[in-house]
Undergrad: 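Below is one structure. I have some questions about it.
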Amino acid sequence: MQGTAADATARRTLVVGNWKMHGDLQANRSLLQALVAAPRSAGCEIGVCVPFPYLAQARELLAGSAIALGAQDCSMHQQGAYTGEVSARMLREFDCRYVLVGHSERRALHGEADAMVAAKAERALDCGITPIVCVGETGAQREAGETDAVIGMQLDAVLNLLGSHASRMVLAYEPVWAIGSGRSASAAQAQQVHALIRSRAVHHGVDPRELTILYGGSVNPGNAGELFGQDAIDGGLVGGASLKAADFLAIVAAAPSRSPTA
Ligand code: 13P
């Protein structure tokens, strides 16, 4: 682990859009122009994680705005013969502030294991990029009463590898069964898992005043207020609703403006 500082370590309110594999040059332009033009309170940070080919376009359209640019994945390697991979250092060259690692779609569709996710988070931090480390249980795991154990294992891999640097990451709790289903976790379910994540991180020596934990999974303008009203939830990682400027801005508007606390 190199000593390069990621941008922010204080617990903060943050809403990040994950565009997944959506967008085209024209649609991206309209969406980003609408986001940049919209008035908003300064209390909530915003980010968009765009597909790799659109990083340059998004960087240009976001220049001078307070909206942070992010990517959706990075390689666990620094450089080398890894055809198709994109390194954290390359993302840094495009001014990425965030990168998602361990999204459940990558874990499920690309076989990403906990150790690989942890290595990706480490590569990102090495390059001064804040990794947004995603964890979450499947519906079957929840029904089997395994939620705490699954999330504990996913977390431990990254907390053990990052050690004292762990407070420089952002965590996202995304129950797999809630993603893209139109059925978010209830505010109470999300609050309970967020509290578990926070206490596990604290157990590993992370300062709770530095840890930001987002909720993701069918966040929309109708449920964002209740989810974000929970004291363990610091904001959202938004998929489908981040593709419509009005919906994404309504979700951002629902985010609390909190001063950093434990
Ligand atoms: P949806 O908001 O479309 O459910 O996606 C959530 C997600 O996977 C964000 O990373």
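Note that ligands are numbered from 1 as they come in the structure, with each ligand's atoms numbered from 1 the same way.
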Undergrad: Ignoring hydrogens and angles, state whether a donor on the side chain of H103 or Q72 is under 3.5 Å from an acceptor on the partner side chain.
TA: no
Undergrad: Kindly identify the option in G180, G136, G236 whose heavy atom sits closest to atom 4 (O) of ligand 1.
TA: G180
Undergrad: What residue and atom, counting heavy atoms only, is the protein's closest point to atom 3 (O) of ligand 1, and at what distance?
TA: G240 N, 2.8 Å
Undergrad: Output the list of atoms in ligand 1 that are nearer than 4.0 Å to some heavy atom of E174, sorted by atom number.
TA: 6 (C), 7 (C), 8 (O), 9 (C), 10 (O)
Undergrad: So, is L237 polar-close to ligand 1, with some N/O to N/O distance under 3.5 Å?
TA: no
Undergrad: Which of the numbered atoms in ligand 1 are below 4.0 angstrom from a heavy atom of G217?
TA: 4 (O), 6 (C)
Undergrad: Could an N or O of ligand 1 be found under 3.5 Å from any N or O of G216, whether backbone or side chain?
TA: no
Undergrad: Yes or no: does S218 have any heavy atom under 4.0 Å from an atom of ligand 1?
TA: yes
Undergrad: I would like to know whether L35 and L249 meet side-chain contact (heavy atoms from CB on, under 4.5 Å); could you show each step before the answer?
TA: CA-CA 7 Å; L35 297 184; L249 290 165; 3.9 Å; yes
Undergrad: May I ask you to check if ligand 1 and I179 share an N or O to N or O distance below 3.5 Å?
TA: no
Undergrad: Under 4.0 Å from ligand 1, counting heavy atoms only, is it the side chain of N18, its backbone, both or neither?
TA: side chain
Undergrad: For atom 2 (O) of ligand 1, what is the nearest protein heavy atom, given as residue, atom name and distance?
TA: G239 N, 2.9 Å
Undergrad: Please check if any side-chain donor atom of D231 sits under 3.5 Å from a side-chain acceptor atom of H194, or the reverse.
TA: no
Undergrad: Output a table of donor-acceptor pairs, distance under 3.5 Å, between side-chain atoms of residues 132-140 and any protein atom two or more places apart or on a different chain; print 'none' if there are none.
TA:
{"residue": "E137", "atom": "OE1", "partner": "Y173", "partner atom": "OH", "Å": "2.9"}
{"residue": "E137", "atom": "OE2", "partner": "R142", "partner atom": "NE", "Å": "2.7"}
{"residue": "E137", "atom": "OE2", "partner": "R142", "partner atom": "NH2", "Å": "3.2"}
{"residue": "E137", "atom": "OE2", "partner": "Y173", "partner atom": "OH", "Å": "2.9"}
{"residue": "E137", "atom": "OE2", "partner": "W177", "partner atom": "NE1", "Å": "2.9"}
{"residue": "T138", "atom": "OG1", "partner": "Q141", "partner atom": "N", "Å": "3.1"}
{"residue": "T138", "atom": "OG1", "partner": "Q141", "partner atom": "OE1", "Å": "3.2"}

Undergrad: For atom CD of Q57, decide whether the heavy atoms of other residues, nucleotides or ligands shown that lie under 6.0 angstrom number more than 12.
TA: yes
Undergrad: Can you check salt bridge (charged side-chain N to carboxylate O under 4.0 Å, His left out) on R11 and D207, steps first, answer last?
TA: CA-CA 9 Å; R11 183 178 177 189; D207 183 339; over 6 Å; no
Undergrad: For C44, enumerate each residue passing the side-chain contact (heavy atoms from CB on, under 4.5 Å) test, keeping only those at least two apart in sequence or located in another chain.
TA: T13, V15, V252, A255
Undergrad: Is the closest basic N to carboxylate O distance between D234 and R198 below 4.0 Å?
TA: yes
Undergrad: Provide, to 0.1 Å, the distance between atom 5 (O) of ligand 1 and the closest protein heavy atom, together with that atom's residue and name.
TA: K20 NZ, 3.3 Å
